[in-house]
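So you know, we letter chains A, B, ... as the sequences are listed, proteins then strands, and number each from 1.
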Protein chains: 2
Amino acid sequence: MPDQKNNYDTRERILDVAERLFMENGYEGTSMRVVTSAAEVNLAAVNYHFGSKEALLCAVFRRRLGWLNGERLRALDVLEEQAGETSPKPSQILEAFFGTLLRMGEDQSLGGMTFLRLLGRTLTEPAGFIRTFFASEYAEVIARYKQALFRALPDVPKAEIVWRLHFMLGAMSYAIAGTDVLQVVTGCELGDLAGESSDVDADDDSALARRLSQRLMPFLLGGLRAPLSLTTPSLTASPASASDGDLQPEI
Amino acid sequence: MPDQKNNYDTRERILDVAERLFMENGYEGTSMRVVTSAAEVNLAAVNYHFGSKEALLCAVFRRRLGWLNGERLRALDVLEEQAGETSPKPSQILEAFFGTLLRMGEDQSLGGMTFLRLLGRTLTEPAGFIRTFFASEYAEVIARYKQALFRALPDVPKAEIVWRLHFMLGAMSYAIAGTDVLQVVTGCELGDLAGESSDVDADDDSALARRLSQRLMPFLLGGLRAPLSLTTPSLTASPASASDGDLQPEI
DNA sequence: CTAACATTAAAACGAACGTTTGAACGATAA
DNA sequence: TTATCGTTCAAACGTTCGTTTTAATGTTAG
């Protein structure tokens, strides 16, 4: 059995390199030989310290998700204590959940954008063991935030809230994972999207994370606040959709 | 050179099986031996008919994306002709872009939910040749729709529109790809989310696509319509975010 | 019939994969 | 010093990968 001595150096170097390479090439697309040679350790080091390639991926995530979801729970505790008998506002709940994650992207010691991108990409990875792992890692924090949103929006059907939580998670994950995938689709460079932002250096991950957060949070709030569709939106092409009348001209 | 005779049977069987297996196990996670044996064709058939595994994936997508993006361009043509000198409404533009895709999920002969899920997952796949392929396949339709939204929302900064288009693409892709990934995260079964919908059989892909569309379109519209954040949203945890005042109580 | 051709079939190719082995190394403690 | 134990190392394990090869199979046209 390992887990005792001065293996910290090798272990952490493997985790850092694996985090980056899994992000760049995917799990199946990253071989142990590439990981170990990039980390400048022996090929057998991963199996010695982690047991297997699957366990390595889980270790990469556990290192970050432990902190993240702990922080999320703590933030929600603070909000609910501040609110007393009442409930925190939906915007505060979203800020606690998504803002905590986006702030990780600004902190290099927490993995920075590398980890955020890896997380976004891995959530769609079909491998079974990954889904099982995420399900257990996320179970508590999702349950807590779902309940908080139910309380904060008592007049909205719970099913609708879950759907929109689902959509918000998707928008965030893609916004992060797709900074170089969908940017190709949208045909824009990062610099073109800076707008009137104060940070101008587009290569800085931290600045990117700040700009992303600045744009994403209003979008998520807008989606969460969208009026309920009481009728089925037109599936035939001809008439305009149901909630058309209240389209605000400013956006 | 191939491409002449009665290979339709083998070719199509390979495409159908590959579409499903790539969706279930990912590109790197699906071997040619599994594809060919599931399609009940010889191992060499893929290389004979398509040339390589990469070319097979591209062929799977070309078969669907050709129709999809053609339909999208046609729908936008109709809208702009109807609008005459004015511009189509943003909600109509979104309906043309996203509704066309979601309607594919209801039609088994167009790939149904299988193709939609594959598309959502592959957009985050890091392999270089896939990104190049998507960039060329999507270039025209994205450019047209971006221009249409610019015209429809002349007072909104173009950078903001591109960001929100990006977010909407993400929300949609995840909503589709994650029906069994993020459903685990949200801890809910599909049946629990049916709500007051008219279709009750949760196993029917077509019904799932309709329900998804019903929920997703209002969310996307709400996100697109969200007020611009003029100030940076609070990155410190303490005060509530900027656009808090106009949070509508009903959602 | 037979020559030409597109397709299928079985078998093998070399390369790369994740993992395991057993010896060597280096620090610590009796 | 010697024994112990965590760690590193080079080498090899057996398997699976995508692709290629060569021969057999039909089907079509002269």
Side-chain angles (χ1 to χ4, degrees), chain A residues 1-61 122 125-130 132-133, chain B residues 1-61 122 125-130 132-133:
Chain A
M1 316 312 183
D3 295 5
Q4 244 118 344
K5 275 281 192 58
N6 67 331
N7 41 4
Y8 300 113
D9 212 37
T10 300
R11 274 185 62 101
E12 294 256 323
R13 235 188 10 262
I14 291 175
L15 287 175
D16 287 339
V17 166
E19 185 170 68
R20 180 174 55 82
L21 291 178
F22 283 151
M23 181 272 284
E24 290 173 353
N25 310 316
Y27 173 71
E28 313 254 24
T30 304
S31 71
M32 316 237 66
R33 284 168 177 82
V34 173
V35 170
T36 51
S37 72
E40 293 177 302
V41 300
N42 189 267
L43 172 59
V46 168
N47 288 281
Y48 174 77
H49 284 285
F50 300 97
S52 69
K53 190 187 178 184
E54 293 193 1
L56 170 61
L57 183 69
C58 291
V60 166
F61 276 109
T122 311
E125 201 104 11
F129 81 97
I130 300 181
T132 310
F133 174 76
Chain B
M1 317 303 184
D3 293 4
Q4 244 118 345
K5 275 280 193 63
N6 67 331
N7 41 4
Y8 301 112
D9 212 37
T10 300
R11 275 185 60 103
E12 294 256 322
R13 242 198 350 272
I14 291 175
L15 287 174
D16 288 339
V17 166
E19 185 171 67
R20 180 175 56 82
L21 291 177
F22 283 150
M23 181 272 284
E24 290 172 356
N25 310 317
Y27 174 72
E28 312 255 23
T30 304
S31 71
M32 316 235 66
R33 283 168 177 83
V34 174
V35 170
T36 51
S37 73
E40 294 178 301
V41 300
N42 189 267
L43 171 59
V46 169
N47 287 282
Y48 175 77
H49 284 284
F50 301 96
S52 69
K53 190 186 178 186
E54 293 193 0
L56 171 61
L57 183 69
C58 291
V60 166
F61 275 108
T122 310
E125 201 105 11
F129 80 97
I130 301 180
T132 310
F133 174 76

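- Residues meeting the ring pair (Phe, Tyr, Trp, His ring centres under 6.0 Å) test with Tyr27(B), sequence neighbours left out: Phe22(B), Phe129(B).
- Side-chain nitrogen and oxygen atoms of Thr10(A) include at least one within less than 4.0 Å of the OP1 or OP2 phosphate oxygen of dT8(D).
- Whole-Å rounding puts the Phe50(B) CZ to dA6(C) P distance at 17 Å.
- Using a cut-off of 4.0 Å between Lys/Arg side-chain N and Asp/Glu carboxylate O, Asp16(A) and Arg20(A) are scored as not salt-bridged.
- In terms of phosphate contacts, His49(B) brings a side-chain nitrogen or oxygen within less than 4.0 Å of OP1 or OP2 of dT8(C).
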Summarise how protein sits on nucleotides 14-26 of chain C as a single string, 5' to 3': B when a protein heavy atom is under 4.0 Å from the base, S for sugar-phosphate-only contact, - for no contact.
-> ---BBBBB-----
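- Atom pair Arg11(B):CZ and dT8(C):P shows a separation of 11 Å (rounding to whole Å applied).
- The distance from the CD atom of Glu54(B) to the OG1 atom of Thr132(B) is 9.5 Å, given to the nearest 0.5 Å.
- Judged by distance alone, the side chain of Thr122(A) and the main-chain N or O of Glu125(A) form no donor-acceptor pair under 3.5 Å.
- In DNA chain C, consecutive stretches of 3 or more Watson-Crick or G-U wobble pairs with both distances under 3.5 Å are given as paired ranges: C:4-27 with D:4-27.
- Looking at heavy atoms from C-beta onward, Ile14(B) lies in side-chain contact with Leu56(B) at the 4.5 angstrom threshold.
- Summarising the local packing, CD of Glu40(B) is surrounded by 12 or fewer heavy atoms from other residues, nucleotides or ligands at distances under 6.0 Å.
- Using a distance-only test at 3.5 Å, with no hydrogens or angles considered, a donor-acceptor pair links the side chain of Lys53(B) to the main chain of Thr30(B).
- Nearest heavy-atom pair, Val17(A) versus Val35(A), reported as atom, atom and distance to 0.1 Å: CG1-O, 3.7 Å.
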